[in-house]
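Here the structure comes first, spelled out in structure tokens, and everything after it is commentary.
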Amino acid sequence: MNRYKVTKTLGDGTYGSVLRAQNNATGEWVAIKKMKQKYYSWEECMKLREINSLRKLIHPNIVKLKEVIRENDDLHMVFEHMAHGDLHEFLIFHSPKSDSSQDSEGESGDSRVLSQAEMAYIAIQVAAGMEYLSSHHYVHRDLAARNTLVGENLTVKISDFGLSRDIYSADYYRVQTKSLLPVRWMPPESILYGKFTTESDVWAFGVVLWEIYSFGLQPYYGYSNSEVIEMIRSRQLLPCPEDCPSRMYAFMVECWHEVPARRPAFPEIHQRLRQWEGLGGSLGGLGSGGQPSYSSHQPSVRLHGRVLA
Ligand code: ADP
Ligand code: MG
């Protein structure tokens, strides 16, 4: 750990804090998730899915776990640092209703409202990351905007593979005596039978699309968790977000098909989103390189005007 200089706390989770740090030798920025020893011994930590599986998962849209450091029974997971924090706060910061002049790093920045093309670009990257995860038979179980991170040039990566649930505790709900569950992102079969599959990840992906197009609103906002469970059981789906292209909303509804096997699979989801991108149309014309128009046509690609490293 003395190879890193900690500069600030990024967040606080059930298992410990998330710190921003810089590698003394290389100058590279990282995010270090510190696990409190009182929760996990080293042996227990090694069993954790996040540690065992994340290190093998290498993809441009998956947050990279660079190393795991043990020090005095404390466990530190070193991840690549994502400059703009989590997608949920990013969406709120770039929403039409945002009155914030500070970004997630507490620095003033460009809070310009996201364009349709940028939203589509975010969605495509989440789909690409999930296609990769599902091809490795990995079920995320907690796909949500809060567990997706945003880096420079609107790069989006999936993170937080089912570890902590503290920061956004209002999003989680204890079903009977079981653990806290992100019910607002869960399909009926997960709520009713505790079944988590790639198909339930697809449902959650539909909810992430909804979060993107509603600029970070909480799904079923205004309803209590028990009301939400009743709504999901009785198939009262999320409404179309304001100004969301109808084709995109229809796509969300497909992800929320009652029969899990009838939901589109991630390769199809990724492919269809990309096809729409290629067509331009209601999703906005993205360049063929998959970059949002603003980054290919505007020199200022740093949304918050901030460079790391
Ligand atoms: P938890 O285990 O508490 O859920 P998360 O991985 O979701 O931890 O991280 C909590 C918060 O810390 C995130 O919402 C994000 O704002 C910040 N964070 C986590 N990982 C990174 C990272 N790699 N780069 C930048 N910020 C991060
Ligand atoms: Mg989290």
Side-chain angles (χ1 to χ4, degrees), residues 4 6-23 28-36 38-40 44-45 48-51 53-55 57-69 74-94 100 102-107 109 125-126 129 140-173 179-185 201 204 207-208 211 216 218 302-304 306-309:
Y4 293 98
V6 174
T7 57
K8 73 177 281 193
T9 302
L10 293 168
D12 245 316
T14 310
Y15 299 90
S17 38
V18 184
L19 309 166
R20 186 179 70 179
Q22 192 172 22
N23 186 314
E28 181 187 36
W29 288 98
V30 294
I32 301 180
K33 199 183 267 193
K34 192 177 161 194
M35 315 276 285
K36 288 176 193 149
K38 66 174 176 181
Y39 290 108
Y40 286 101
E44 283 170 323
C45 280
L48 289 175
R49 291 194 321 157
E50 184 164 35
I51 293 163
S53 46
L54 258 186
R55 296 187 78 170
L57 298 171
I58 312 280
H59 185 271
N61 302 112
I62 301 292
V63 172
K64 189 169 190 316
L65 175 60
K66 301 169 78 71
E67 59 175 326
V68 181
I69 302 171
D74 273 344
L75 190 72
H76 300 90
M77 286 182 283
V78 182
F79 293 92
E80 64 177 308
H81 181 258
M82 299 291 283
H84 299 302
D86 70 67
L87 177 61
H88 181 251
E89 51 185 56
F90 185 85
L91 290 167
I92 291 171
F93 184 70
H94 293 285
S100 52
Q102 294 206 320
D103 68 7
S104 60
E105 302 281 301
E107 291 174 23
Q125 293 179 81
V126 179
H140 189 297
R141 288 169 168 254
D142 199 5
L143 178 62
R146 66 180 169 275
N147 289 331
T148 304
L149 299 172
V150 185
E152 298 293 0
N153 299 330
L154 207 63
T155 306
V156 170
K157 304 194 184 199
I158 295 166
S159 138
D160 207 10
F161 296 67
L163 259 187
S164 171
R165 315 212 145 155
D166 234 23
I167 296 177
Y168 291 96
S169 56
D171 288 341
Y172 296 92
Y173 184 65
S179 56
L180 282 173
L181 292 170
V183 287
R184 291 163 202 265
W185 285 260
D201 277 353
V207 180
V208 172
E211 290 183 276
Q218 188 188 41
R302 289 172 286 115
L303 283 174
H304 295 176
R306 182 159 190 285
V307 197
L308 290 175

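Below, all heavy atoms of this structure are taken into account, side chains as well, without hydrogens, waters or symmetry copies. Counting convention: from 1, in listed order, for ligands and their atoms alike.
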Taking all atoms of both residues into account, what is the closest heavy-atom pair of Arg146 and Trp185, and its distance?
-> NH1-CH2, 3.1 Å
Looking at His81, which atoms of ligand 1 are within less than 4.0 Å of one of its heavy atoms?
-> 24 (N), 25 (C)
Per-atom filter on ligand 1: closer than 4.0 angstrom to a heavy atom of Asn147 are 7 (O)
Counting backbone and side-chain atoms alike, does Asp86 have an N/O/S atom under 2.8 Å from the Mg ion (ligand 2)?
-> no
Would Asn147 count as a contact for the Mg ion (ligand 2), in the sense that one of its N, O or S atoms lies under 2.8 Å from it?
-> yes
By atom name, which N, O or S atom belonging to Asp160 lies closest to the Mg ion (ligand 2)?
-> OD2
For Lys33 and ligand 1, answer yes if some heavy atom of the residue is under 4.0 Å from a ligand atom, otherwise no.
-> yes
Identify the heavy atoms of Asn147 and Asp142 that sit nearest to each other, and give their distance.
-> ND2-O, 3.0 Å
May I ask you to list the atoms of ligand 1 that are less than 4.0 angstrom from any heavy atom of Leu10?
-> 25 (C), 26 (N), 27 (C)
Side chain to side chain donor-acceptor pair (under 3.5 Å) involving Thr155 - partner list, sequence neighbours excluded = none
Identify the heavy atoms of Asp160 and Lys33 that sit nearest to each other, and give their distance.
-> OD1-NZ, 3.2 Å
Within the side chain of Asn61, is there an N or O that forms a donor-acceptor pair under 3.5 Å with the backbone of Val156?
-> yes
Under 4.0 Å from any heavy atom of Asp86, which atoms of ligand 1 are there?
-> 13 (C), 14 (O), 15 (C), 16 (O)
Option passing side chain to side chain contact (heavy atoms under 4.5 Å, CB included) with Asp86 (candidates Val150, Leu149, Thr148) | Leu149
Glu80 contact mode with ligand 1 (heavy-atom cut-off under 4.0 Å) = backbone
N or O contact, Gly11 vs ligand 1, cut-off under 3.5 Å = no
Out of Met82, Glu89, Arg20, whose heavy atom is nearest to atom 25 (C) of ligand 1?
-> Met82
Numbered atoms of ligand 1 (with element) below 4.0 Å of Ala31, judged on heavy atoms = 21 (C), 22 (C), 23 (N), 24 (N)
Which atom pair, heavy atoms only, marks the closest approach of Lys66 to Glu80?
-> CD-N, 3.7 Å
Output all residues satisfying side chain to side chain donor-acceptor pair (under 3.5 Å) with Glu67, sequence neighbours left out; order by chain, then residue number.
-> Arg3, Tyr4
